[in-house]
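What follows is one structure encoded as structure tokens, with my remarks underneath.
Whatever order the structure lists ligands and atoms in, that order sets their numbers, starting from 1.
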Amino acid sequence: MKDIFLEPIQRIAKRIKDAIDTKNMGYSTQENSSGDTQLQLDIKCDLIVEEELSLIPSVHTIASEEKEHEMLINKDGKYFVAYDPLDGSSLIDVNLSVGSIFGIYEEKWGARNMIAACYVVYGPRVEIVFSQTKTKLYLLQDNEFEFIREIRMDLKGNLNAPGGTQMNWPPFHKEMVDSFFKEGYRLRYSGGMVPDLHQILIKGGGLFSYPNTEDRPEGKLRKLFEVYPFAFIYRVSGGDADDGIHDDMMTLDHDHIHGTSQCFFGSKHEIAVVREVYRKNR
Ligand code: AHM
Ligand code: MG
């Protein structure tokens, strides 16, 4: 299965990198389903992904963070692909790293149907991280992606990436975040999910958290495009993920394509702490 998606995603990554580099296309007046103003660049990247995925005969349906509805590609296909073409696109103005995220589901949406996940980081370098049974890192050099290595996380890290508006965090969440800092964890948060989670993955471990808050009672990050793909990638890499609610978030069925959830990703140690704290405060 892997090769069916790896090559198209490599083409997508090169085309999106070109789109980012070519010119600043400014803001459009449209909003996406989550109410964000869409950049013309978001729309262009969405069309690039749509075009490339439409060429794969085994793709049944696609869903994009930038499209209100899912789109049928081929009724005889078996893969359902959810993607965020340009995550963190507002960071382009300040020249920080951004990414694309892909979740590949078999037969239907839902965490339990995910069979592979992948992201691309557009930073000083362009990298692809692809997880199926292992997590593999590829680097763009001289216009070709080269396999670099497999990624395995340590059992415990020392980075802490706490998302969401702090004044709206539940008090037990603040206590947990502070407890990591008191243990010597260091703050690493750019506001781009892809580079923030990439940093924790590549540097061995730590915790990225985005809790439910008063202003966002169901978190911010989207399950199909963002939360499940990273949960899958972290688990395949020897780390873990949790939603603070369910025994195993990766057994969940599908509800709404744009549904959001609180989420926690990290090495096994940090996620065990999250589970303990959140089970106690459920
Ligand atoms: P986007 O999909 O509209 O770009 O939003 C998702 C981004 C993530 O990359 C990041 O983790 C999160 O929003 C940051 O949110 P906040 O600014 O609330 O910390
Ligand atoms: Mg996004």
Side-chain angles (χ1 to χ4, degrees), residues 12-13 16 19-20 25 27-28 30-46 48-50 62-68 81-103 117-123 127 129 159-170 173-174 177 187-201 206-234 241 243-244 256-266:
I12 288 166
I16 290 183
I20 293 169
M25 287 185 273
Y27 286 91
S28 74
Q30 273 172 262
E31 282 192 353
N32 67 13
S33 308
S34 308
D36 305 323
T37 306
Q38 285 177 303
L39 292 167
Q40 286 173 30
L41 189 56
D42 285 319
I43 298 164
K44 168 143 196 195
C45 294
D46 182 41
I48 290 173
V49 182
E50 178 190 321
I62 60 172
S64 164
E65 191 182 299
E66 303 301 336
K67 294 187 203 302
E68 194 171 347
V81 186
Y83 61 91
D84 182 351
L86 199 59
D87 182 70
S89 51
S90 63
L91 296 175
I92 291 202
D93 283 351
V94 290
N95 204 12
L96 287 175
S97 299
V98 292
S100 307
I101 311 166
F102 302 85
C118 170
Y119 66 84
V120 186
V121 198
Y122 309 97
E127 292 178 321
V129 170
L159 304 181
N160 198 358
T165 310
Q166 297 196 18
M167 72 174 195
N168 297 326
W169 285 352
H173 179 79
K174 177 161 176 44
V177 168
L187 176 67
R188 291 290 183 272
Y189 194 77
S190 75
M193 181 183 201
V194 173
D196 287 339
L197 281 165
H198 188 56
Q199 178 162 212
I200 291 172
L201 195 70
L207 177 67
F208 175 100
S209 47
Y210 207 108
N212 291 342
T213 53
E214 277 168 32
D215 53 335
R216 290 182 184 272
E218 294 201 18
K220 172 181 185 186
L221 299 170
R222 294 84 171 171
K223 288 185 268 191
L224 281 191
F225 317 112
E226 298 172 324
V227 177
Y228 296 156
F230 271 108
F232 185 94
I233 292 167
Y234 265 56
D243 68 357
H256 184 268
I257 58 166
H258 291 282
T260 59
S261 162
Q262 67 179 353
C263 51
F264 307 88
F265 311 93

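When each atom of ligand 1 is checked for a heavy atom of Arg222 under 4.0 Å away, the hits are 1 (P), 2 (O), 3 (O), 5 (O), 6 (C). Close approach of ligand 1 to Phe208 is summarised as follows: ligand atoms under 4.0 Å from at least one heavy atom of the residue are 11 (O). Ligand-side atoms of ligand 1 in range of Asp84: 2 (O), range being under 4.0 angstrom from any heavy atom. Close approach of ligand 1 to Met193 is summarised as follows: ligand atoms under 4.0 Å from at least one heavy atom of the residue are 8 (C), 9 (O), 10 (C), 11 (O). Listed by atom number, the atoms of ligand 1 under 4.0 Å from Gly192 heavy atoms are 9 (O). Close contacts between ligand 1 and Glu226 involve ligand atoms 2 (O), 6 (C) [criterion: under 4.0 Å to a heavy atom]. Atoms of ligand 1 found under 4.0 Å from any heavy atom of Tyr189, numbered from 1 in the order shown, are 14 (C), 15 (O), 16 (P), 19 (O). Every atom of ligand 1 with a heavy atom of Asp87 under 4.0 Å away is listed here by number and element: 1 (P), 2 (O), 4 (O), 6 (C), 8 (C), 9 (O).
In this structure, Tyr210 has a heavy atom closer than 4.0 Å to ligand 1.
A donor-acceptor pair under 3.5 Å links the side-chain atoms of Ser64 to the main chain of Glu66, judged by distance alone. A donor-acceptor contact shorter than 3.5 Å is absent between the side chain of Thr213 and the backbone of Asn168. In this structure, the side chain of Trp169 does not engage the main chain of Pro162 through any donor-acceptor pair within 3.5 Å.
Around the Mg ion (ligand 2), protein N, O or S atoms at a distance under 2.8 Å total 4; waters are neither shown nor counted.
Using a cut-off of 4.0 Å between Lys/Arg side-chain N and Asp/Glu carboxylate O, Glu226 and Lys220 are scored as not salt-bridged.
Ring orientation note: the planes of Tyr119 and His198 are nearly perpendicular, at an angle over 60° on the 30°/60° scale.
Side-chain contact check for Asp243 versus Cys263: every heavy-atom pair is 4.5 Å or farther apart. Residues Ile12 and Val120 have side chains not in contact (no heavy-atom distance under 4.5 Å, counting atoms from C-beta outward). Taking the side chain as every heavy atom from C-beta outward, Ile200 and Leu159 approach each other to under 4.5 Å. Side chains of Tyr189 and Phe208 form a contact here, defined as non-hydrogen atoms less than 4.5 Å apart.
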ask   = After noting the C-alpha distance and the side-chain angles of Lys67 and Asp46, does the key distance pass the salt bridge (Lys or Arg N to Asp or Glu O under 4.0 Å) rule?
value = CA-CA 8 Å; Lys67 294 187 203 302; Asp46 182 41; 2.9 Å; yes

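With a heavy-atom cut-off of 4.0 Å, Phe225 does not touch ligand 1 at all.
Distance check, rounded to the nearest 0.5 Å: CD1 of Ile92 to OH of Tyr122 gives 9.5 Å.
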